[in-house]
Asks: 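Take a look at the following structure, please.
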Number of protein chains: 2
Amino acid sequence: MVELSPPQLDTVFHALGDATRRQMLRHLAEGERTVGDLAKPFAMSLAAASKHIKALEAAGLIHREVRGRTHLCRLAPGPLASAHRWLGFYERFWTERLDGLERLLREEDARRTRTPEGDKR
Amino acid sequence: MVELSPPQLDTVFHALGDATRRQMLRHLAEGERTVGDLAKPFAMSLAAASKHIKALEAAGLIHREVRGRTHLCRLAPGPLASAHRWLGFYERFWTERLDGLERLLREEDARRTRTPEGDKR
DNA sequence: GGCATATTCAACTGCATGGTTGAATTATCC
DNA sequence: GGATAATTCAACCATGCAGTTGAATATGCC
């Protein structure tokens, strides 16, 4: 919901830049999971998985509720929404592809002339 | 457009996990830029900026065209679109927030019963 | 209390990353 | 050809990260 600051975006995108952590998010999308549950699918120590979970938590991507001796994790969609909206800024570049800007650039390419809309240098 | 493999998503999200590189993408959204143009706003050596640009290039986020002794960079929106769609999978979690699943989870929280839809463990 | 379970902490290792500087490369200009 | 400009390369350094193992901390169970 809220606009994330650059350092927050750093940690969110960094957390997403690891297949293990993305897989954990997928599992959490099916429902809440304990640390042990999240670690099970991976061929790594529990301590290593715990670190991944802490990375997700630090990024605000999951919340943890300590229930007795188990820690229950669930998805926290806010930062995902922010990252999604951050990428949405560039949506015009792939929706206008091949009819708008992109074609202009390619034509410019062919002509080998100087930069057309890159005037704001 | 195309679905990115996990290693590709790794490099894309990793590239996005740095404020300098995200800023470079913002500049490229305004039009094509040379390596020197992209480096100018930052208080770092050209060599360092060059490495950032190579990271963006490796992730497929930009394309480079060597024109004489200058290298012209432009945005390549494909991987951004893929990352956007990857995040889109979780959209239901922030759109259904506070009326659907999220409320169920919170109610479950209050009742302190065992996991409701987390049956696929 | 005593034992097993769930999770983290601490210390260590190997490797990647982001930065530096100085030299090398390639192209343009005169 | 020689000087200048744009960019990369190579070597190096500090830091951070992902993984390990072994000990520590709680909690639950009998």
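Naming convention: chains lettered A, B, ... in sequence-line order (proteins, then strands); numbering from 1 in each chain.
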Asks: So does B:Leu80 get a backbone contact from the side chain of B:Arg85, meaning a donor-acceptor N/O pair under 3.5 Å?
Replies: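 It does not hold such a pair.
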Asks: Take B:Asp10 and A:Arg22 through the side chain to side chain contact (heavy atoms under 4.5 Å, CB included) test and state the conclusion after the steps.
Replies: CA-CA 10 Å; B:Asp10 281 0; A:Arg22 288 196 305 275; 2.8 Å; yes
Asks: Measure NZ/A:Lys54 against C1'/D:dA18 and give the value in whole Å, please.
Replies: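 Interatomic distance, NZ of A:Lys54 to C1' of D:dA18: 15 Å.
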Asks: Could you state the atom-to-atom distance from CZ of A:Arg67 to P of D:dG28 in whole Å?
Replies: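 Going from A:Arg67 (CZ) to D:dG28 (P), I get 12 Å.
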Asks: Report yes if a side-chain nitrogen or oxygen of B:Ser50 is closer than 4.0 Å to either non-bridging phosphate oxygen (OP1 or OP2) of D:dT8; otherwise report no.
Replies: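 Yes, such a contact exists.
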Asks: Using a 4.0 Å heavy-atom cut-off to protein, can you give one letter per nucleotide of nucleotides 12-26 of chain C, 5' to 3': B if the base is in contact, S if only the sugar-phosphate is, - if neither?
Replies: ------SBBB-----
Asks: Let me know the distance between CG of A:Asp37 and P of C:dT5, rounded to the nearest Å.
Replies: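 That distance rounds to 16 Å.
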Asks: Nearest whole Å is fine: how far is D:dA18 P from A:Leu56 CG?
Replies: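 In whole Å, D:dA18 P lies 10 Å from A:Leu56 CG.
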Asks: If you draw the axis of the six-membered ring of B:Phe93, does the NZ or CZ of A:Arg74 fall within 45° of it and under 6.0 Å from the ring centre?
Replies: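 A:Arg74 over B:Phe93 ring: no.
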Asks: Whole-Å distance between D:dA6 C1' and B:Glu65 CD?
Replies: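 Rounding to the nearest Å, CD of B:Glu65 and C1' of D:dA6 are 15 Å apart.
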Asks: Starting at NZ of B:Lys40 and ending at P of D:dA5, how long is that distance when rounded to a whole Å?
Replies: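 That distance rounds to 13 Å.
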Asks: Please list all pairs meeting salt bridge (charged side-chain N to carboxylate O under 4.0 Å, His left out) that have one or both residues in residues 48-59 of chain A, counting only residues at least two apart or in different chains.
Replies: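 Sorted pair list: A:Glu57-A:Arg64.
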Asks: Could you walk me through whether A:His14 and B:His14 pass the ring-ring contact (aromatic ring centres under 6.0 Å, His included) test, one step at a time?
Replies: CA-CA 6 Å; A:His14 173 255; B:His14 173 256; 7.5 Å; no
Asks: If the cut-off is 4.0 Å, is A:His71 near the phosphate of C:dT8, judged by side-chain N/O to OP1 or OP2?
Replies: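 Yes, A:His71 has a side-chain N/O under 4.0 Å of OP1/OP2 on C:dT8.
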Asks: Evaluate the ring planes of A:Phe13 and A:Trp86, with Trp represented by its six-membered ring, and classify them as parallel (under 30°), tilted (30 to 60°) or perpendicular (over 60°).
Replies: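 Taking A:Trp86 first and then A:Phe13, their aromatic rings stand perpendicular (interplane angle over 60°).
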